[in-house]
Amino acid sequence: MGPVRGLKKRRKIEKKPEENASGSSEKERSVDWWDEFSKRMNGLQSPSKGLDKFKSVFKISRRTFNYICSLVKEDMMAKSGSFTFSNGKPVSVEDQVAVALRRLSSGESLVTVGDSFGLHHSTVSQLTWRFVEAMEERGLHHLQWPSTEAEMTEIKSKFEKIQGLPNCCGVIDTTHVMMCLPSSDPASKVWLDHEKNHSMVLQAIVDPEMRFRDIVTGWPGKLEDWLVFQSSNFCKLCDKGERLNGKKLELSEGSEIREYVIGDLGYPLLPYLVIPYEEKELLELRADFNKRHSATRLVAHTALARLKEMWKIIQGVMWRPDRHKLPRIILVCCLLHNIVIDLEDDVQDEMPLSHDHDSGYHQRICGSVDIKGVHLRDKLSLYLSGKLPP
């Protein structure tokens, strides 16, 4: 995972999805908890078409909710301080997770979420932050670069099935998380981007199942995509030969290609990062390559659009956010996005498909070219057109 500015280094504690997260006793307890909790909710909309009330409120299934509770329970119970609802009833761990998930998934204000659950807005803020810290501590294993050759081989195979690109390991893309900052804020100009919005960038490398494999966030939205990439740990590892350094693929006798990721024209053409051809009048084989390249990149567009659709706290314009905490909130939304995929939650099948994750932003072209990147792209283009010498 790339750097998340504002994130303290934490010990790595891996907790895999537990089989009993959906066991009968857990399920019965969840139903009992939800039956009582749902009676306290005020003013929440009726379920969306095709969703039950639980999924409508939290954007995830009960099985996924139970797993998330099992991840953070120990950390959230260990923190000092107790909370109560307006009726005096203590706030359980399930209640805390529910409040935090509602805040993150709805994007509603602290006051609105608090009113919905009978809690003061300051309590909603504290519970959300407790949850964010616990997820940082316990959930980071859900966002990591493939650690085995078998895992990477499967990723390459799935990418190749999309549009034929061989040995491709990921798609990189960038989106903006908008903020509302008053002009009186001393940092206002720092966060003003090229489209006259105050924003923070999120750059992600995505696998063919729309899982985030590496992220960088925390930089002002005015920073160019290629500069964000150059600042990333992923880029530094690639330059040192410690990432995308797996098995080369032989395309024909004497012709082989290394591992690589693909991105749009906002990135440089590098020995390990392939972008489209830029010429206006392209040869047929180059035009075909660009079509395949563009169709494969839709994986990242859809992943970022789904991230913002499911976790609406980063979809709209955040009111005067803490710029040190916002990167950590973005990280946790990415972790939750991946958990939904890892647990094969069917809620993702009920989400509308969209590719538009950065409305109003225009492509800014990098234009930097490395000759080894040129050779890699040309080999791929010839291979896909069937014109590579045998």
Side-chain angles (χ1 to χ4, degrees), residues 1-2 12 14 16 140-173 203-216 229-230 232-264 267-277 285-286 288-300 303 338 341-342 369-390:
M1 185 182 70
K12 186 177 180 183
E14 294 200 5
K16 299 296 183 183
L140 287 180
H141 60 281
H142 281 284
L143 201 165
Q144 59 185 3
W145 192 252
S147 57
T148 66
E149 184 179 338
E151 190 179 8
M152 184 58 86
T153 298
E154 184 179 359
I155 285 172
K156 293 177 191 176
S157 174
K158 288 179 178 177
F159 267 125
E160 188 165 6
K161 287 176 183 176
I162 297 174
Q163 280 291 326
L165 288 175
N167 229 31
C168 177
C169 300
V171 183
I172 187 169
D173 203 359
Q203 184 170 274
I205 299 177
V206 180
D207 74 14
E209 295 182 320
M210 296 190 284
R211 187 183 287 104
F212 297 118
R213 289 293 186 168
D214 188 279
I215 68 166
V216 179
F229 178 69
Q230 287 171 2
S232 70
N233 190 49
F234 183 88
C235 178
K236 292 179 176 66
L237 288 172
C238 288
D239 286 340
K240 290 191 293 184
E242 296 175 10
R243 179 86 13 121
L244 297 176
N245 59 346
K247 198 172 181 181
K248 292 184 178 180
L249 177 69
E250 185 174 356
L251 299 179
S252 62
E253 190 174 348
S255 180
E256 59 182 18
I257 55 168
R258 59 168 295 164
E259 293 181 339
Y260 60 92
V261 296
I262 65 172
D264 60 27
Y267 294 96
L269 178 60
L270 298 172
Y272 52 81
L273 202 172
V274 179
I275 63 173
Y277 289 99
L285 65 87
R286 292 188 173 187
D288 178 65
F289 173 83
N290 276 9
K291 286 179 183 178
R292 293 172 182 266
H293 190 280
S294 177
T296 306
R297 291 203 322 270
L298 284 178
V299 169
N338 282 3
I341 296 171
D342 290 343
V369 172
D370 183 291
I371 190 62
K372 289 183 179 179
V374 172
H375 292 156
L376 171 58
R377 184 173 61 184
D378 286 347
K379 277 184 185 179
L380 287 169
S381 179
L382 287 168
Y383 169 76
L384 293 169
S385 69
K387 295 181 180 178
L388 196 66

Examine distances only and state if a side-chain atom of [X] and a backbone atom of [Y] form a donor-acceptor pair shorter than 3.5 Å.
X: R258; Y: L244; answer: yes
X: D214; Y: I205; answer: no
X: E151; Y: P146; answer: no
X: N290; Y: Y277; answer: yes
X: R292; Y: Q163; answer: yes
X: S381; Y: D378; answer: no
X: R213; Y: Q144; answer: yes

Do [X] and [Y] have side-chain heavy atoms sitting under 4.5 Å apart?
X: Y260; Y: C169; result: no
X: R297; Y: D264; result: yes
X: I257; Y: Y383; result: no

Going by atom types alone, do D239 and Y272 pair a side-chain donor with an acceptor below 3.5 Å?
yes
So which heavy atom on S232 is nearest to which on C235, and how close?
OG-N, 3.1 Å
P166 and L251: which non-hydrogen atoms are nearest, and at how many Å?
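That closest heavy-atom pairing would be CG-CD2, 4.1 Å.
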Show the numbers, then the answer: is there a side-chain contact (heavy atoms from CB on, under 4.5 Å) between L165 and F159?
CA-CA 7 Å; L165 288 175; F159 267 125; 5.8 Å; no
Between K158 and D207, is there a side-chain N and carboxylate O pair less than 4.0 Å apart?
no
Before accepting this row, confirm whether a basic side-chain N of the pair E160/K156 lies closer than 4.0 Å to the acidic partner's carboxylate O.
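K156 and E160: not salt-bridged.
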Please check if the number of heavy atoms outside E242 that lie under 6.0 Å from its CD is greater than 12.
yes
